[in-house]
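For reference, the structure is listed below as structure tokens.
Throughout, residue positions are numbered sequentially from 1 according to the sequence presented.
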Amino acid sequence: LGTALQGVCLGEASFQGALAYARERLQMRALSGPKNPDGPADPIIVHPDVRRMLMTQKAFVEGSRAFIYWLARLNDLTGHGSEEQAAEAEDLMALLTPIAKAFCTETGFEVTSLGVQVLGGHGYISEHGMEQLMRDMRIGMIYEGTTGIQSLDLLGRKVMGSGGKLLRVFTRRIHKFCEAHSGNEDLSLMLEELAAVNARWGEITMQVGEKAAANPDEIGAASVDYTMFSGYVALGYMWVQMAELAQRKIAEGADPGFYEAKIATARFYFQRILPRAEAHARAAVAGAASIMELDEALLHL
């Protein structure tokens, strides 16, 4: 979890640097008309693609932070909760720790890479420190077990090794949340999407398990895509909870700015990032043949 947290920390630093630069850097005019008419150009933050990169950074950093803080709370419950709370927390920790380590470092690297991209050429040189964040983040996917090793642990030991028990502890929790808030019209689209990927999680687990019964290589072939799919579902669960809480806070009269930002970012996550999960699902169930069938002597041809 400490390694996973590095993904959040370096990603947050990159996001802050990219956001500050995007507000100051003047280049081109907004497609919808000048936003800085008295200046020679508009700040790049007005351009949709720059905003896409910043929103992606924000969605991953804040979603991953919520995920890791929740895991820290679960860790406390294993030692200080009731017997029932401790048992559930241990099961959830067993399943979710490899997801957090792998997913938060993989997406942390994406976030720091986007930070370089927002700054363009200035991001690639050492002056602004953005390339340093990206280089420092790259080690996160390697040490304390590479993404591949964490993924084998998740799919081989935690999911298949428990006969699906550990997975069901989490998917049931998501299912119950979606059911409990099914009457919330403002969150209906998010809840529908989350319920769908949650059900899909069980489907791809069964498909990979059936293939693996005949060929153990299927676990290794599917594992990283399976882990990334799992991470996108986990962050979806975090974001819909944050959106629901933000709704309640606004209704209670809290200053809406902070909470409206959470709801907007949740919408962005579900519309622009969660769809990636389906690509990982399709790859995970595609089988090992296309990976393993080519003789290694022919790889260079």
Side-chain angles (χ1 to χ4, degrees), residues 1-28 30-31 35-36 41-69 99-144 146-147 150 224 227-228 231-232 234-236 238-239 242 258 261-262 264-277 279-280:
L1 292 181
T3 306
L5 188 59
Q6 291 184 28
V8 176
C9 295
L10 291 168
E12 174 66 30
S14 182
F15 173 53
Q16 289 185 20
L19 180 60
Y21 183 86
R23 285 170 168 162
E24 297 172 358
R25 170 68 170 171
L26 302 180
Q27 191 171 1
M28 301 168 52
L31 298 176
K35 302 298 186 289
N36 179 34
D42 290 329
I44 63 172
I45 198 169
V46 307
H47 302 312
D49 189 59
V50 173
R51 189 67 68 88
R52 173 191 61 82
M53 291 187 283
L54 293 171
M55 287 297 294
T56 300
Q57 289 184 298
K58 181 177 176 67
F60 275 134
V61 168
E62 294 181 10
S64 296
R65 183 187 297 121
F67 185 31
I68 293 173
Y69 284 5
I99 296 174
K101 193 278 177 181
F103 187 80
C104 294
T105 55
E106 291 282 342
T107 56
F109 183 70
E110 179 180 348
V111 168
T112 57
S113 178
L114 287 172
V116 171
Q117 189 74 9
V118 170
L119 270 69
H122 287 169
Y124 199 74
I125 60 176
S126 62
E127 179 182 354
H128 292 274
M130 301 299 278
E131 50 80 33
Q132 179 72 57
L133 295 172
M134 184 179 175
R135 287 190 289 115
D136 288 348
M137 188 63 250
R138 189 60 186 83
I139 191 63
M141 299 118 87
I142 298 171
Y143 62 30
E144 298 302 326
T146 65
T147 297
Q150 295 292 332
V224 170
T227 299
M228 294 304 291
Y232 285 116
L235 253 65
M238 296 299 109
W239 270 116
M242 286 190 274
F258 174 81
K262 291 295 183 186
T265 309
R267 279 197 298 267
F268 175 87
Y269 182 85
F270 275 86
Q271 292 178 13
R272 304 288 302 212
I273 295 181
L274 187 60
R276 299 181 185 187
H280 287 292

So how far is it from Met53 CE to His47 NE2, rounded to the nearest 0.5 Å? 10.5 Å

Derivation and outcome, side chain to side chain contact (heavy atoms under 4.5 Å, CB included), residues Thr147 and Val224: CA-CA 7 Å; Thr147 297; Val224 170; 4.2 Å; yes

Go through it in stages, so that I can follow the logic: the residues are Leu54 and Val50, the test is side chain to side chain contact (heavy atoms under 4.5 Å, CB included), and I'd like the CA-CA distance, side-chain angles, deciding distance and then a yes or no. CA-CA 6 Å; Leu54 293 171; Val50 173; 4.1 Å; yes

Tell me, please, which residues at least two apart from Arg65 pass side-chain hydrogen bond (donor to acceptor under 3.5 Å, both in side chains). Glu12

May I have all residue pairs that pass side-chain hydrogen bond (donor to acceptor under 3.5 Å, both in side chains) and include part of residues 116-126, sequence neighbours excluded? Tyr21-His122

For Gly63 and Met242 the tightest heavy-atom approach is CA-CE, 4.1 Å

To the nearest 0.5 Å, atom SG of Cys9 lies from atom CD1 of Ile68 at 8.0 Å

Ile125: what forms a side-chain contact (heavy atoms from CB on, under 4.5 Å) with it, not counting sequence neighbours? Glu127

If the condition is side-chain contact (heavy atoms from CB on, under 4.5 Å), which residues does Ala100 pass it with, not counting sequence neighbours? Leu1, Ala4, Phe67, Leu71

Measuring from Glu62:CD to Lys262:NZ, what's the distance to the nearest 0.5 Å? 3.5 Å

Gap separating the CG atom of Leu235 from the OG1 atom of Thr107, nearest 0.5 angstrom: 7.0 Å

Please name the pair of heavy atoms, one in Ala22 and one in Val118, separated by the smallest distance, quoted to 0.1 Å. CB-CG1, 4.3 Å

Residues that Ala13 engages under side-chain contact (heavy atoms from CB on, under 4.5 Å), provided they are two or more places apart: Leu133

With Thr3, which residues qualify under side-chain contact (heavy atoms from CB on, under 4.5 Å), at least two apart? Lys101, Thr105, Tyr143, Glu144

Is the number of heavy atoms from other residues, nucleotides or ligands under 6.0 Å of Arg272 CZ greater than 12? no

Using atom types as modelled and distance alone, determine if a side-chain donor or acceptor of Ser14 lies under 3.5 Å from a backbone N or O of Leu10. no

Of all heavy-atom pairs linking Ala261 and Lys58, the shortest is O-CE, 4.5 Å

Go through it in stages, so that I can follow the logic: the residues are Arg276 and Glu110, the test is salt bridge (charged side-chain N to carboxylate O under 4.0 Å, His left out), and I'd like the CA-CA distance, side-chain angles, deciding distance and then a yes or no. CA-CA 14 Å; Arg276 299 181 185 187; Glu110 179 180 348; 2.8 Å; yes

What is the ring orientation for Tyr232 with Tyr269, classed by angle as parallel under 30°, tilted 30 to 60°, or perpendicular over 60°? tilted

Looking at every heavy atom in both Ala30 and Val46, which two are closest together, and how far apart are they? CB-CG2, 3.7 Å

Test item: Arg25 side-chain N/O and Pro43 main-chain N/O as donor-acceptor pair under 3.5 Å: no

Evaluate side chain to side chain contact (heavy atoms under 4.5 Å, CB included) for Met28 paired with Asp42, printing each intermediate quantity in order. CA-CA 6 Å; Met28 301 168 52; Asp42 290 329; over 6 Å; no

Are Ile45 and Arg51 packed together at the side-chain level, in the sense that at least one heavy-atom pair is separated by less than 4.5 angstrom? yes

Got a second to check how far Met130's CE is from Arg135's CZ, nearest 0.5 Å? 13.5 Å

Could you check whether any side-chain N or O of Trp239 sits under 3.5 Å from a backbone N or O of Ala59, counting only pairs where one atom can act as donor and the other as acceptor? yes

Starting at CD of Glu131, measure out to CG of Asp136 and round the result to the nearest 0.5 Å. 9.0 Å

